Amino acid sequence: QVQLVESGGGLVQPGGSLRLSCAASGSIFSIGTMFWYRQAQGKERELVALITSGGNTNYADSVKGRFTISRDNAENAVYLQMNNLKPMDTAVYYCKMVGSIAASGRYPEHWGQGTLVTVSS
């Protein structure tokens with residue numbers, strides 16, 4: 001039912017900035033924690049950042065001080081502000097939202113389609 005639509009990816013030079021957006025459309029229930037993951041070519045998917053329903057955040061060491069995750073509950077959206085981008089940040093970025101109420105022992109998960117970020121001169 002729930003679909004997450006991502007936008008904001010593209011090509012940027014090293015040192016530049018991008019802001020990724022992820023908004024839920026369709027029927028949606030209460031959302032708890034929101035996440036950003038990324039997967040570079042030939043590498044494992046890694047957690048970039050998360051933000052809980054209470055506003056607590058956590059970041060991968062590689063992006064601390066450069067990336068900021070935020071959310072807009074009224075719009076059912078999560079954002080990732082990326083500053084001082086580096087070539088190592090090149091990857092497909094995926095958002096994920098997890099329901100705040102478990103059903104049948106599991107919290108429902110919703111994934112975005114992915115958006116490509118390329119950092120290159």
Side-chain angles (χ1 to χ4, degrees):
Q1 292 182 307
V2 176
Q3 293 182 311
L4 305 187
V5 180
E6 301 182 28
S7 63
L11 175 64
V12 65
Q13 296 182 30
S17 298
L18 283 175
R19 186 173 188 250
L20 305 183
S21 299
C22 174
S25 62
S27 299
I28 189 169
F29 298 100
S30 181
I31 298 297
T33 303
M34 301 179 179
F35 307 76
W36 284 100
Y37 291 85
R38 69 185 181 188
Q39 186 166 23
Q41 186 68 40
K43 304 207 67 176
E44 299 293 317
R45 183 178 63 186
E46 66 171 336
L47 175 64
V48 176
L50 66 84
I51 182 167
T52 69
S53 61
N56 295 316
T57 60
N58 203 312
Y59 299 90
D61 288 341
S62 60
V63 306
K64 286 180 180 177
R66 300 189 297 119
F67 290 10
T68 302
I69 187 172
S70 61
R71 63 191 290 163
D72 185 336
N73 292 329
E75 299 294 329
N76 292 317
V78 61
Y79 308 94
L80 187 67
Q81 178 67 46
M82 305 184 294
N83 298 326
N84 191 23
L85 283 161
K86 306 176 183 299
M88 64 167 291
D89 297 317
T90 296
V92 177
Y93 285 71
Y94 300 90
C95 60
K96 182 179 78 173
M97 300 184 184
V98 177
S100 60
I101 301 177
S104 300
R106 303 185 91 260
Y107 292 97
E109 297 183 353
H110 311 283
W111 287 87
Q113 82 281 6
T115 184
L116 177 62
V117 172
T118 303
V119 184
S120 176
S121 298

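Just so you know, these numbers use all the heavy atoms, side chains as well, and skip hydrogens, waters and symmetry mates. Treat the numbers as computed from the prediction; the structure is a model and nothing was measured.
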For the [atom1] atom of [X] and the [atom2] atom of [Y], what is their distance to the nearest 0.5 Å?
| X | Y | atom1 | atom2 | value |
| --- | --- | --- | --- | --- |
| W36 | L50 | CH2 | CG | 13.5 Å |
| N83 | L18 | CG | CG | 9.5 Å |
| C22 | W111 | SG | CH2 | 10.5 Å |
| R38 | E46 | CZ | CD | 4.5 Å |
| L116 | L11 | CG | CG | 9.0 Å |
| L80 | T68 | CG | OG1 | 8.0 Å |

Given 3.5 Å as the limit, does a donor-acceptor pair link the side chain of [X] with the main chain of [Y], or not?
| X | Y | answer |
| --- | --- | --- |
| Y59 | I69 | yes |
| R71 | T52 | yes |
| Q113 | E6 | yes |

Self-check item: Charged N-O contact under 4.0 Å between D89 and K86
Solution: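 Between K86 and D89 there is no salt bridge, as every charged N stays at least 4.0 Å from the carboxylate O atoms.
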Quiz item: Hey, mind stepping through V117 and L20 against side-chain contact (heavy atoms from CB on, under 4.5 Å) and telling me if it holds?
Solution: CA-CA 9 Å; V117 172; L20 305 183; 4.0 Å; yes
Quiz item: For Y79, what are the other residues in its hydrophobic cluster, where any two members join if their side-chain heavy atoms are less than 4.5 angstrom apart?
Solution: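 None; Y79 is a cluster of one.
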Only pairs under 3.5 Å count here: list side-chain donor-acceptor contacts from residues 94-101, not counting sequence neighbours, and write none if there are none.
unit_1, atom_1, unit_2, atom_2, d
K96, NZ, Y37, OH, 3.2
S100, OG, S30, O, 3.4
S100, OG, S30, OG, 3.0

Quiz item: What are the two closest heavy atoms between S25 and V5, and how far apart are they?
Solution: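 Residues S25 and V5, closest heavy atoms: OG-CG2, 4.2 Å.
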Self-check item: Nearest atoms (heavy-atom pairs only) where P14 meets S121
Solution: CD-OG, 3.6 Å
Self-check item: Same cluster (ILVMFWY, side-chain, under 4.5 Å), F35 and F67
Solution: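 F35 does not cluster with F67.
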Exercise. Is it possible for you to say whether Y107 and L47 belong to one hydrophobic cluster, with membership spreading through side-chain heavy-atom contacts below 4.5 Å?
Key: yes
